[in-house]
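Written below as structure tokens is the structure these notes are about.
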Amino acid sequence: MKVISENPRSGNSRKFPHLRQDFAASLVVFLVALPLCVGVAVASGVPAELGLVTGIVGGIVTGLLPGSSLQVSGPAAGLTVLVFGAVDEYGLPALGVIVLAAGLIQLAMGALKLGRWFRAISLSVVEGMLAGIGLVLIAGQLYSAAGLDAPASGLDKIIGLPGAAADALGSSEALVSLALGAGTVAVMVLWKRLPKQVQTVPGALAAVGLATAVTAVFGLSVATVEVNGLLGVIQPPGADAFGELASVGILGTIVAFTLIASAESLFSAAAVDRLHNGPRTEYNKELMAQGAGNTVCGLLGALPMTAVIVRSSANVGAGARTKASRVLHGVWLLLFAALLPSVLALIPLPALAGILVHAGWKLIPFRGIVSLWRGHRGEALILVVTAVSIVAVNMFEGVLIGLALSVVKTAWEASHLKLEVVDKGAGPIQAHLSGNATFLRLPKILESLEALPQDRPVELDLSGLHHLDHACRTALENWAERHSATGTDPVKVTEPTTAAV
């Protein structure tokens, strides 16, 4: 009998067949995630290290759990506006409670198999939500890029931009800061036009690196990231923070965090599934994975997390095959935060503002609005109204307005009704109703029926109706009585089928 000795390397390759691809992809995702984690944290009004904590949890905790194999989670620009408002109103200690509660709700929704229902949310509402976030994010970061304090509300941020521009033009320091931010945006835009070999370095990292080098070489007087140390910023919520749960406002914020983070994650999962041929997302498990990550983030007092399409697409594009790539990216973030925290202090804030202006711009679906307007104007209107409402009011109420409009539009379209009148000149007039007769179409029905000649008998055929609600039935009966009272023969009504009632 011949004995064949097994090469240990080949054994490892069989055990982890895609380790090389996943390792390389994890480094790419780490380099993409690093400046975004820091930028989102600073824009949210919290210490920069908390963005790294959320990125670490998103990689190691959520990354290990089942759901979506190649989707990457972490702090997202889409929640920046909501987090900033929550921290500004309730304080940083309350953030942990909000994120913890949102995570527990996500876990419960996943366990109840509600994840698939998020796929039923109108895409126009989600895109409108992201567009509104993008507008507020851009407006707020323009102030940061100039080194100015931004107003609190989204509407005030936009209205105050002309005054902020005038203030910046009158200050040399503000102009230098603004130029650094604009240069960061320019580098990110132009980076995609460079050779593929150069693009192996992510554009965001390159832009921040160049801005940091320019600041150091020329000794520019601009604000930089404040460093507190990883352990110094982790503050689990205390008993006082849990007492805030009695506030109606904070409960509304928790609901907003839950709905927006869940919807963004699951829509991102659907988008990532279109980028690869691997296993499809299990939506309820992915929702529970997001919930577990947010629960841990809440216990650490960190930022909330969602799945992030930028990091996820970078992961797929870099050749990742399994969840090992996203877990390893969390490990690299942890090593960076533990070993090189002082590097953060070198990063100029205008550069991070530039990154988020670029991210905010990408949240606005300009092409989508144009194509929707051409083919589905109602959906385009919902998108625009949702975005404007978020800017004018706030995130939560803006999304509710969008959802309400979506429901009204669907109800209106579902109540499609056709009235066909046949008048042969002699004998009774025949009126045929088909479709769905609901109270939404009642004015149109009555207007058409009351226009029929009062001195002629009428045969009303309702057999073509799929649905006849109580309001319409009552109104039709009353009209028939009035018409018959004029001295003509009673209105002859053909009833709809039992299923339509």
(message) Using side chain to side chain contact (heavy atoms under 4.5 Å, CB included), reason through L303 and L95 one step at a time and then give a plain yes or no.
(response) CA-CA 8 Å; L303 289 170; L95 179 62; 4.3 Å; yes

Any side chain to side chain donor-acceptor pair (under 3.5 Å) involving [range]? Give me the pairs, sequence neighbours left out, ordered by first then second residue.
range: residues 94-112; result: Q106-S262, Q106-N294
range: residues 129-155; result: S153-D156
range: residues 182-202; result: none

Donor-acceptor pair, side chain of [X] and main chain of [Y], under 3.5 angstrom:
X: T322; Y: A324; result: yes
X: T253; Y: G249; result: yes
X: T80; Y: A77; result: yes
X: S371; Y: G368; result: yes
X: S312; Y: V308; result: yes
X: R280; Y: G278; result: yes
X: K323; Y: G63; result: no
X: S406; Y: G402; result: no
X: N315; Y: Q71; result: no

(request) Go through the steps for L130 and E264 under the test side chain to side chain contact (heavy atoms under 4.5 Å, CB included), then give the verdict. (result) CA-CA 9 Å; L130 295 176; E264 190 171 344; 4.2 Å; yes

(request) Before giving the answer on side chain to side chain contact (heavy atoms under 4.5 Å, CB included), spell out for L100 and F242 the whole-Å C-alpha distance, their side-chain angles and the decisive distance to 0.1 Å. (result) CA-CA 10 Å; L100 172 61; F242 281 99; 3.8 Å; yes

Given side chains that start at C-beta, do those of [X] and [Y] come closer than 4.5 Å, heavy atoms only?
X: V214; Y: P348; value: no
X: I254; Y: L245; value: yes
X: L36; Y: R311; value: yes
X: V83; Y: V87; value: yes
X: S247; Y: Y90; value: yes
X: L335; Y: F30; value: no
X: R321; Y: L70; value: no
X: I56; Y: V61; value: no

Which side-chain N or O atoms in residues 218-241 pair as donor and acceptor under 3.5 Å with protein atoms at least two apart or in another chain?
| residue | atom | partner | partner atom | Å |
| --- | --- | --- | --- | --- |
| T224 | OG1 | A345 | O | 3.2 |

(request) Over all heavy atoms of both residues, which pair between A139 and I158 is shortest? Give the atoms and the distance, please. (result)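 Closest approach of A139 to I158, heavy atoms only: CB-CG1, 3.9 Å.
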
(message) Holding to side-chain hydrogen bond (donor to acceptor under 3.5 Å, both in side chains), I want the full list of residues that pass it with S73, two or more places apart in sequence or in another chain.
(response)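 If we apply the side-chain hydrogen bond (donor to acceptor under 3.5 Å, both in side chains) test to S73, skipping adjacent residues, the hits are Q290.
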
Output the distance between atom [atom1] ([X]) and atom [atom2] ([Y]), rounded to the nearest 0.5 Å.
X: L142; Y: L137; atom1: CG; atom2: CG; result: 9.5 Å
X: I105; Y: L112; atom1: CD1; atom2: CG; result: 12.0 Å
X: T295; Y: M288; atom1: OG1; atom2: CE; result: 9.5 Å
X: L205; Y: L31; atom1: CG; atom2: CG; result: 5.5 Å

(message) Is there a side chain to side chain contact (heavy atoms under 4.5 Å, CB included) between I369 and L383? Walk through the geometry before answering.
(response) CA-CA 8 Å; I369 295 172; L383 191 157; 3.7 Å; yes

(request) Mind checking ring-ring contact (aromatic ring centres under 6.0 Å, His included) for F23 and listing every partner two or more places apart, or none if nothing turns up? (result)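 F23: ring-ring contact (aromatic ring centres under 6.0 Å, His included) contacts with W332.
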
